[in-house]
Amino acid sequence: MHEFRYKGNELYCENVRVRDVADEVKTPFYLYSYKTLIDHYRKLKDAFKSAEPLICFSMKANSNLAILKALVKEGAGLDIVSGGELYKARKAGVEPQKIVYAGVGKKEEEIVEAIKANILFFNVESESELKLINRVASRKGRVVNIALRINPDIKPKTHDYITTGTKTTKFGISFDDARIIFQRQNKYGNVLINGLHVHIGSQITESKPFVAAIKRILNFIDTNALNIKWLNIGGGLGIIYADEKPQTAEEFARAVLPLIGERKFRLILEPGRFIVGNSGILVTKVLYTKKGANKDFVIVDAGMNDLIRPSIYGAYHEILSVTKPITYNLKPKTYDIVGPICESGDFFGKNRKLNEPAQGDFLAIMGAGAYGFSMSSNYNARPRVAEFMIIKGKLHKIRQAENYSDLVKKEIIPSVLR
Ligand code: LLP
């Protein structure tokens, strides 16, 4: 499943001992396994082989250029949500005709940039957005492809914050409104509405809600006799963080492909987490252990600014010792593993059993490849950490750690204050 395993008491990333990396570089840092990344992309590609879909990696999950490049070289396209992501996507050398652009709040300048770049299509989330794209396209003398993002009103089992396909969320367009847009599409001479898009949420472990959403979309296509060139079924495939039993790529394909059957449109997938989630870990050092009034704490040098998922979603990430302590004279104790940030929400795990860690021990926070670094910040004036990747047995730096001067580089003291 992934390439982080113990050999004896030592955690390895592929064939490299994580402790050796941690001894060499500054903690905390992200460490990725190239093999795991590519394996997951290929798993999905192989499972859907018969349909030859375009798999657009959702780069919000992790937009490091090396990660993007590795996937682009495998043939992946990219799912973007901002002008910044478009910029990075192009830096990674993806063919523009493999870029799809989602998001409820695209700015005019971002639309201009994407049209100039000649991306495959926009996933459009409202009629006002459609109007603006049409206006910009007309100004540029272009006709651009559009997929309407449908909100199918399906509730998957996942955290509320990452549920996106129910009526109460800001995402997509209802079937009724989409029907009206199709009816008056002649009003919009500079767009071709030739795709449909659906994305119902993230970290969804069963195929049932996906199937239900796709069925509703297909039914919509049939009852309105729509001529569709692309069906974008989004991302959202769940992974194992704890003891989940998520659908495999094959099970997912087996559930989805029969629905599509002989239909003529091209299938598009936009997975992020499935591809990159388990290919990365966050390695951190134990600074102190501390006895609280009724809890014991392990204080580490990574904080919620480096990995915010536990703080905002209460997300579970497994926490492993990079070197397992010799256990014969130790009993595991229960700890909260916390960071140095001045908030009680700054934790990585609560009530976790660990053999008493010593100062200077390294811990690995697992499953940190998706929405880890990409959601990191400089909160508490903490420079962002470095990222490394093991590629074919060798350690590569794929992002420099920031330093203190990076923290002030963009800030200006007005002369009146000097
Ligand atoms: N397509 C669209 C339109 C999306 O909004 C997303 C994710 C994806 C694809 C990729 O979803 P994935 O395959 O990665 O589940 N920060 C949260 C996850 C936010 C997901 C946002 N949208 C987390 O850390 O769990």
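The first residue of the sequence shown is numbered 1, and numbering continues consecutively from there. All values reported here derive from a predicted model rather than from experimental measurement. Both counts, for ligands and for their atoms, begin at 1 and track the order of listing.
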Heavy atom of Phe274, distance to ligand 1 below 4.0 Å:
no
To which of Arg273, Arg309, Arg149, His199 does the heavy atom nearest atom 8 (C) of ligand 1 belong?
His199
Under the rule for ring pair (Phe, Tyr, Trp, His ring centres under 6.0 Å), what residues qualify as partners of Tyr188, not counting sequence neighbours?
none
Protein contact to atom 19 (C) of ligand 1 [nearest heavy atom, distance to 0.1 Å]
Ile162 CG2, 3.6 Å
Can you find a heavy atom in the side chain of Tyr101 that is under 4.5 Å from one in the side chain of Glu110?
yes
Pair Asn380, Glu343: side-chain N/O donor-acceptor within cut-off below 3.5 Å:
no
Taking only Lys NZ, Arg NE, NH1 and NH2, and the carboxylate oxygens of Asp or Glu, determine whether Asp296 and Arg352 approach each other closer than 4.0 Å.
no
Closest non-hydrogen protein atom to atom 10 (C) of ligand 1, residue and atom name please, with distance?
Ser58 OG, 3.3 Å
Tell me: protein heavy atom nearest atom 14 (O) of ligand 1, and distance?
Tyr371 OH, 2.6 Å
Of the choices Gly236, Gly103, Gly238, which has the non-hydrogen atom that lies closest to atom 13 (O) of ligand 1?
Gly236
Gly234 to ligand 1, any heavy atom closer than 4.0 Å:
no
Just to verify, which of Phe373, Tyr30, Phe29, Tyr32 counts as forming a ring pair (Phe, Tyr, Trp, His ring centres under 6.0 Å) with Phe388?
Phe29
Asp79 heavy atoms within 4.0 Å reach ligand 1 at atoms 1 (N), 9 (C)
Looking only at protein heavy atoms, what sits closest to atom 15 (O) of ligand 1 is Ser202 OG, 2.4 Å
So that I can tick it off, tell me whether Asp336 and Lys295 are bridged by a salt bridge, with the cut-off set at under 4.0 angstrom between side-chain N and carboxylate O.
yes
Backbone of Ala61 reached by a side-chain donor or acceptor of Ser374 within 3.5 Å:
yes
Mark up the atoms of ligand 1 that fall under 4.0 Å of a heavy atom belonging to Pro271, in ascending order.
13 (O)
Decide whether an N or O pair under 3.5 Å exists between Gly201 and ligand 1.
no
Would Arg42 and Asp46 pass as an ion pair if we require N to O under 4.0 Å?
no
Among His159, Met59, Glu125, Lys60, which one has a heavy atom closest to atom 4 (C) of ligand 1?
Lys60
Heavy-atom side-chain proximity of Ile337 to Val286 below 4.5 angstrom
no
Which residue and non-hydrogen atom of the protein lie closest to atom 1 (N) of ligand 1, and at what distance in Å?
Glu270 OE1, 2.6 Å
State the atoms of ligand 1, each with its element, that fall below the 4.0 Å cut-off from a heavy-atom position in Gly235.
9 (C), 13 (O)
